[in-house]
Structure formats: C-alpha cells, structure tokens
Number of protein chains: 2
Amino acid sequence: MRKTSHRRIAATATALPPQAKLKGARGRALDTALHLFAEKGFGGTSVRDLCQAANVQPATLYAHFPTKEHVLAELITLAYEELYRALRSSLLESSSDPEAQLRALVKTHVLSHCEYSMLAVVASAELHMLSADLMAPILTLKTQAEGLLIEVLERGAEKKRFAMDDALLALKAISGMGLRVAFWYAPDINKTPEQIADSFANYACRIVGAAAAPNDSQ
Amino acid sequence: MRKTSHRRIAATATALPPQAKLKGARGRALDTALHLFAEKGFGGTSVRDLCQAANVQPATLYAHFPTKEHVLAELITLAYEELYRALRSSLLESSSDPEAQLRALVKTHVLSHCEYSMLAVVASAELHMLSADLMAPILTLKTQAEGLLIEVLERGAEKKRFAMDDALLALKAISGMGLRVAFWYAPDINKTPEQIADSFANYACRIVGAAAAPNDSQ
DNA sequence: GTCTATAGTCTGATAGAC
DNA sequence: GTCTATCAGACTATAGAC
C-alpha cells in the first residue's frame, strides 16, 4: 500500500447516511470502501486492501458485489441520493422567497458536505472511474440535484430579486465553493459546520447580487 | 483501458507552459502523461498506456524518469511553478489597493486554470498519490502560491478595506470556486476566459465585502 | 538513448469445499 | 454466506544488446 504524507480529504470520521444498512460483511465492505476510496482513490485501492481492512474475504465480497466497480457505484449513488433528499427537503421547508431558497440550498449543501464529506469526495472525484452502464443512472440523479439550484437561480433572476451578470457562472461559483468544503472540512477546525454554512450562504447571496437579509426572519 | 462516458475534465487541448521543454521522447512522455493523468487519473493510467500513446518504449521512459511517480511529480511541479509565477507577476503589475490586488489574483487564478486546466486538474486531484519524498518540495511551492492570496486578504482586512466575517472561510470560498474552473472550463462554452475571470473577480470582491470598483481604473 | 524481451509482483475475479 | 486456494492477465520496472 502507498505511503502518502498529504491526505486528499481532511475528515476522518465514518459517514454513511442512515439509509445505508451496514449490517454484516456487506456493510463492513461498504463502510471500509468509503474510507479507502476517499483516501487513496478507487484506482489506488485494491480489492485485497479493501477486504483486509474490512475483515472480509475476497470471495465473500464478490458474493455481495459483482465487481469492484459496483461497490463504487453504490457509494456514489448513496451520495447523490442523500444530497438530493436533503436539498429537496430544505426547499420544502423554506419560504417562496428566492433569497431564502438560495440560502436554504447553500446551507444544506455545505452542511451535507461537512457531515458526509467522504461520500462527497468519492462522488465528485471518482465518478469518472465508472463505466458508462453504471454511471448513467448516477448522472440522472446528479442532474436532478443540480437542477434544484438552477431553478432557484433562474426564478430569482426572473423576479428581479437577483442581479446576476450570468446565471451559469454564478451557479459554477456557488456549487464549486460548496463542493470544495468536503475536501477541507474537518471537525477539529475552528468553525462549526453551521458557521461555515451560514457564511457560504451569505457569499452565495452576494454573488447573485441579492441584498443581505435584514433580519433572521426573512 | 477503461471505457468511461463522463470526462473528469471538460477541456481537451494540450497545455504545458512554455517553460517545459517538450523535445524528444521525454517531452512526448510528459505531454501525453498530462492528458492521461487528467483524463484517467494517475492510478488509472498504466505505464504501458502512457508509452503506447506517447510512442515511447517503456525502457526509454525509464531512461528519463526513475519511476512513474516522478513523471507525475514533474507535472505537478510545473503546475505550481507556473501558477506561482503568474500570480506573483499579476501582483507586481497591480496597484497597492487591496481590492485591485484581490481582483488581480483571482483573475490570474481563473485565467491560468482556463489555459492550463489539465495541469490544474492533475495538480489538485493527483497530488495525494505522491510519496512523502516527492510531495515535500511541491507542498512548499503550493504553500507559497496560496500565501499570496492570504496576504492580500489579511492586508485588506487590516486596512478596513474588506469586511470579512472570517478570512479563512473567504479564502476557502474564493480558492475553491477558482480551482473548480479547471474542471468545467472548455473553449467551446459560451464564455471567454476573460469573462469568467472578470465575473469571478467580482464574486471575490463581494465575498470579502469590498465595494465594487466604480470605474475600470481602480 | 533506444530497442526487445522479460522478471517479479500484484491485480480483479473465480472454483469448489463446507 | 463464508472459507481456502488459485487462475490468468496486467502491472511497474529492469537486463542486456546495439
């Protein structure tokens, strides 16, 4: 196994969403794969590494997953399902005000990338390792999740609540800065996920030219 | 070689800075490695893949580089050297105004990540594959390059020209959105690098709470 | 410097007993 | 479902001729 001094991801805690059932050899394999894929990458993790760390025999792993690639695909699917669920839920709980909706999406995006940073790193950095067949359904999920922010941005622009030079660039800036949180956030830094999420929500509002909320209650 | 439907990086054009001498087998190897590492990752590219695509025999490659890892290290070193050079140069050409300096750094960061997007992708996504020995000098370079933005942000805060909630978070947001440009920029999109760079420089100024420049001349 | 050929190791995945 | 044992091929890197 490789020796590295720099870690791709700052966080160390396990984080699979509660939806994922982690019982038995299959659960240990998924949880261990999440750690190793986040740390070493899919290509940098051998089936032997994975099985040894998960205390699972190779043949047992292949009783649960047809190929190593299917393990990755399941993790990335979990990642986008959880993100989409959280984003949609946050929209449902916010008012119809475009700025409130933008704040809700960015806050949730950042909070989710703090709590499930390993999932987010694997989903964004290892997606391209999947074959077309396994990637296709994931790309559908990904497009759905990204569509939520696009809709809010476009609706805010139509209602003249946002003064964006360009919706695409604002989208890329906001999603980019949020995505990177998964790579540098760690529980031992001097900020809580809530502080980061609030700051980034403010940044997003400034990027799109929305006035800062005068009060807590929108 | 793997078949993938999703590309990690949108750009396709070769881009090694002019400093890199690309003559002969060594040059072909470096140039080809840049493409393959950006597209497939370091772990997803075999020496055979690389040599075949570069029209270089394995034994010839090993006459120029001690290991496959040294090829990656050279590319990442080139990436950070070029970025550091460009950022420092842009600071020298800007005025002493913190906002002008911030704009210069962000513009240069984005322009460099458009022009050398493959280098930036490899440098950010494959750095963790290096062993400690090869990574150490690169981390020094990386810290130097990042320090330029930190200094500008702190100086602007001291002079009360920036109204940041938190310098670290602003830094992470600005560098994160700029870094991601390398992954999605392609020459065929509907924006020029200059447009993207100008927009992102505006975003950065808004993030740190600097007033928008009233005119072109700072 | 570049070639042909291959050493030695590790890879993903499987066969077959229990 | 889990085990032991292993296949067939791919991997990084090298030896030695020219």
Side-chain angles (χ1 to χ4, degrees), chain A residues 1-4 20-37 39-76 122 126 128-135, chain B residues 1-4 20-37 39-76 122 126 128-135:
Chain A
M1 193 170 294
R2 308 200 86 274
K3 188 187 76 170
T4 57
K21 296 173 186 66
L22 294 180
K23 296 297 173 81
R26 180 190 166 87
R28 288 200 307 279
L30 268 182
D31 185 68
T32 306
L34 176 59
H35 275 78
L36 293 179
F37 291 170
E39 193 84 51
K40 311 279 185 184
F42 178 76
T45 304
S46 72
V47 173
R48 289 169 140 77
D49 294 339
L50 171 55
C51 288
Q52 186 168 5
N55 198 26
V56 167
Q57 300 302 320
T60 303
L61 180 74
Y62 283 101
H64 292 280
F65 301 93
T67 71
K68 176 187 170 189
E69 213 182 316
H70 283 76
V71 180
L72 176 62
E74 174 139 348
L75 287 173
I76 302 183
V122 169
E126 305 297 338
H128 69 110
M129 299 302 288
L130 291 177
S131 64
D133 284 352
L134 286 178
M135 196 188 297
Chain B
M1 193 172 297
R2 309 201 86 271
K3 188 187 77 171
T4 57
K21 296 172 187 68
L22 293 180
K23 296 299 173 78
R26 180 190 166 87
R28 287 200 309 280
L30 268 181
D31 185 70
T32 306
L34 176 60
H35 276 78
L36 293 179
F37 292 170
E39 194 84 51
K40 311 280 184 182
F42 178 76
T45 305
S46 72
V47 174
R48 290 169 139 79
D49 294 340
L50 171 55
C51 288
Q52 187 168 5
N55 198 27
V56 167
Q57 301 302 320
T60 303
L61 180 74
Y62 284 101
H64 292 281
F65 300 93
T67 71
K68 176 188 171 190
E69 214 183 315
H70 283 76
V71 180
L72 175 61
E74 174 139 350
L75 286 173
I76 302 183
V122 169
E126 306 296 339
H128 68 111
M129 299 301 289
L130 292 177
S131 64
D133 283 353
L134 286 178
M135 196 189 294

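All values derive from a computational prediction rather than experimental measurement. In what follows, chains are A, B, ... by sequence order, proteins preceding strands, each numbered from 1. Hydrogens, waters and symmetry mates are skipped; everything else that's a heavy atom, side chains included, is used.
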Chemist: If we count only N and O atoms by modelled type, under 3.5 Å, do the side chains of B:Thr67 and B:His70 hold a donor and an acceptor together?
Modeler: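 A pair is found: one side chain offers a donor N or O, the other an acceptor, under 3.5 Å apart.
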
Chemist: Over how many whole Å does the gap from A:Asp49 atom CG to C:dT11 atom C1' extend?
Modeler: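 In whole Å, C:dT11 C1' and A:Asp49 CG are 11 Å from each other.
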
Chemist: To the nearest Å, how far apart are B:Glu69 CD and D:dC11 C1'?
Modeler: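 From B:Glu69 CD to D:dC11 C1': 15 Å.
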
Chemist: Identify which nucleotide among D:dA13, D:dT2, D:dC3 has an atom closest to any side-chain atom of A:Ala25, counting heavy atoms from C-beta outward.
Modeler: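 So the side chain of A:Ala25 is nearest to D:dT2.
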
Chemist: Are A:Leu30 and A:Phe65 packed together at the side-chain level, in the sense that at least one heavy-atom pair is separated by less than 4.5 angstrom?
Modeler: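 Side-chain contact under 4.5 Å: yes.
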
Chemist: Of the listed nucleotides (C:dG12, C:dT14, D:dA15), which one gets closest to any side-chain atom of A:Lys68?
Modeler: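 Minimum distance to the A:Lys68 side chain belongs to C:dG12.
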
Chemist: Rounded to whole angstrom units, what separation is found between the CD atom of B:Gln57 and the C1' atom of C:dA5?
Modeler: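 From B:Gln57 CD to C:dA5 C1': 11 Å.
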
Chemist: Quick check on D:dA13: is either OP1 or OP2 less than 4.0 Å from any side-chain nitrogen or oxygen of B:Tyr62?
Modeler: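 Yes, B:Tyr62 has a side-chain N/O under 4.0 Å of OP1/OP2 on D:dA13.
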
Chemist: Is there a side-chain polar atom (N or O) of B:Ser46 under 4.0 Å from OP1 or OP2 of D:dC11?
Modeler: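 It does, given that an N or O in the side chain of B:Ser46 lies less than 4.0 Å from OP1 or OP2 of D:dC11.
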
Chemist: Backbone N or O of A:Ser131 within a donor-acceptor pair of the A:Glu69 side chain at under 3.5 Å?
Modeler: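 Yes, A:Glu69 side chain to A:Ser131 backbone: donor-acceptor pair under 3.5 Å.
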
Chemist: Round to a whole Å and report the spacing from CG of B:Leu50 to P of D:dT12.
Modeler: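 It works out to 9 Å between those atoms.
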
Chemist: Report the distance from atom CZ of A:Arg28 to atom P of D:dG1, rounded to the nearest whole Å.
Modeler: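 Distance, rounded to whole Å: 13 Å.
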
Chemist: Which whole-number value in Å describes the distance from B:Gln52 CD to C:dT4 P?
Modeler: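 Rounded to the whole Å, the gap is 13 Å.
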
Chemist: Between A:Thr60 and A:Arg48, which residue's closest nucleotide on DNA chain D lies nearer the 5′ terminus?
Modeler: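 Of the two residues, A:Thr60 wins.
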
Chemist: Just distance, no hydrogens or angles: give the donor-acceptor pairs under 3.5 Å from side chains in residues 51-59 of chain B, sequence neighbours left out.
Modeler:
none

Chemist: Starting from C1' on D:dT14, measure out to CG on B:Leu61 and report it in whole angstrom.
Modeler: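 After rounding, the reported distance stands at 13 Å.
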
Chemist: Quickly work out the B:His64 NE2 to D:dT12 P distance and round it to whole Å.
Modeler: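 Spelled out: NE2 on B:His64 to P on D:dT12 is 18 Å.
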
